[in-house]
Amino acid sequence: MLPAQRPLVLGIVGDSAAGKTTLSSGVAAILGPGRTAVLHTDDYHRFSRAERLAHGLTALHPDCNDLELAEQHVRSLAAGTAILKPVYNHGRGQFGAPQRLDTAPFVIVEGLLAFATPGLRACYDLMVFLDPDEDLRRRWKIARDCARRGYSAAQAAAEIERRHPDAVEFIHPQRSWADLVVRFGALTAASEATNVRLLLHATQFLPDLSGLIASQPAHPPVLSLRVGHDARGLCEMLTIDGQMHARQAAALAALLWAALPGRQAPPPVQLGDYLDGGAPRRSPGLGLVQLLVALFLLHQQG
């Protein structure tokens, strides 16, 4: 049976280890258990890790990915139809047996090239590009690949350099299509806390945050909004202060939670959780980003 209304589709793109899976898992938890289908476009790699090396390709290159099949599957999920999708195992660098994925009221598509074709871009109600500071992303990637993907630190660092030209040519340009760009920046080189800046380009499709910002129960404010510009031109810049106290973050999270249409109670306990390599950690700023993305997506319901 088809859903009562068509699914809302969220696209999340960014370079390797930019935080795509962490963001998508948090947004899925906010939207509610069993209400989200998550599609990882890494499953649409054409080649295993060994085959990519033999062909001289990286996973970031479009030739290494079956974007036509990915587009077909995203359209099917958006139309309320289940798919039989491929499975790529990052730990082994090989493929597993295909799996059925049922659609849901919300569909999250995350990956390296999820905005790479006009057909894919036409599927989304909201497009988010993750653009952390490059030094921070490299730190995250080395920690993740060593802890969970079987790389040594030297191998992970070498892979970053090998992929860099393809990242510049194929991943970074997708930023220009995003409605929302999320940029994490470390407070200091040794700090786990981050400042966050969200660049809002499709502001006519996003909720008015002025009332929320004005009603913040904290001083100095955690959220601030101003008009600025980036490579695309004018945009609104929403900044989250990485030096906020836990009580400030909790109070603002409660306000955001109350603003979510059709919210579930209570808020998910894993809000802001992430893995630093293999070590579990929590970031108040990440939790607020997850809530804001969920709010922006739900706003598309009208």
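This is a predicted model, so every value here is computed, not measured.
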Mind checking what makes ring pair (Phe, Tyr, Trp, His ring centres under 6.0 Å) contact with [X], not counting sequence neighbours?
X	result
Phe184	none
His55	Phe47
Phe106	none

Might you point out which heavy atoms bring [X] and [Y] nearest each other, and give the distance in Å?
X	Y	value
Val196	Leu198	CG1-CD1, 3.8 Å
Pro284	Ala249	CB-CB, 3.6 Å
Arg137	Pro132	CB-CG, 3.9 Å
Leu39	Lys85	CD1-CD, 3.6 Å
Ala114	Thr41	CB-CG2, 4.2 Å
Ala29	Gln270	CB-NE2, 3.5 Å

Problem set entry | Test ring-ring contact (aromatic ring centres under 6.0 Å, His included) applied to Phe115 and Trp177, Phe170, Tyr124, the passing residue |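 Output: one option passes, namely Tyr124.
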For this session: Could you list the residues that satisfy side chain to side chain contact (heavy atoms under 4.5 Å, CB included) with Arg46, not counting sequence neighbours?
Result: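 Side chain to side chain contact (heavy atoms under 4.5 Å, CB included) check on Arg46 returns Asp66, Glu68.
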For this session: List in chain and number order the residues that pass salt bridge (Lys or Arg N to Asp or Glu O under 4.0 Å) with Glu71, two or more places apart in sequence or in another chain; answer none if no residue qualifies.
Result: Arg75
For this session: Flag the pair Tyr44 / His73 as yes when their ring centroid distance falls below 6.0 Å, and as no otherwise.
Result: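 Close enough - the centres of the two rings lie under 6.0 Å apart.
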For this session: Evaluate the criterion side chain to side chain donor-acceptor pair (under 3.5 Å) for residue pair Asn65 and His45; output intermediate values, then yes/no.
Result: CA-CA 4 Å; Asn65 295 271; His45 291 339; 2.7 Å; yes
Exercise. With a 4.5 Å heavy-atom cut-off, do Arg49 and Arg92 have their side chains touching?
Worked result: no
Seminar exercise, completed: Students should find that the hydrophobic cluster of Val227, defined by side-chain heavy atoms under 4.5 Å apart, otherwise consists of Leu234
For this session: Kindly indicate, with the supporting measurements, whether the criterion side chain to side chain contact (heavy atoms under 4.5 Å, CB included) is fulfilled by Leu60 and Thr58.
Result: CA-CA 5 Å; Leu60 283 62; Thr58 79; 3.6 Å; yes
Problem set entry | Derivation and outcome, side chain to side chain contact (heavy atoms under 4.5 Å, CB included), residues Leu209 and Leu223 | CA-CA 10 Å; Leu209 298 174; Leu223 283 184; 6.0 Å; no
For this session: Report the C-alpha distance between Leu238 and Leu292 in whole Å, list the side-chain angles of each, state the deciding distance to 0.1 Å, and finish with yes or no for side chain to side chain contact (heavy atoms under 4.5 Å, CB included).
Result: CA-CA 10 Å; Leu238 181 66; Leu292 283 163; 3.8 Å; yes
Problem set entry | Steps toward side chain to side chain donor-acceptor pair (under 3.5 Å) verdict (Ser16, Arg144) | CA-CA 10 Å; Ser16 182; Arg144 183 201 66 187; 3.0 Å; yes
Exercise. Can Leu298 and Leu295 be said to form a side chain to side chain contact (heavy atoms under 4.5 Å, CB included), step by step?
Worked result: CA-CA 5 Å; Leu298 289 168; Leu295 177 63; 5.7 Å; no
For this session: Please report the C-alpha distance between Thr21 and Glu110 in whole Å, then the side-chain angles of each, then the deciding distance to 0.1 Å, and finally whether the side chain to side chain donor-acceptor pair (under 3.5 Å) criterion is met.
Result: CA-CA 7 Å; Thr21 300; Glu110 60 103 330; 2.6 Å; yes
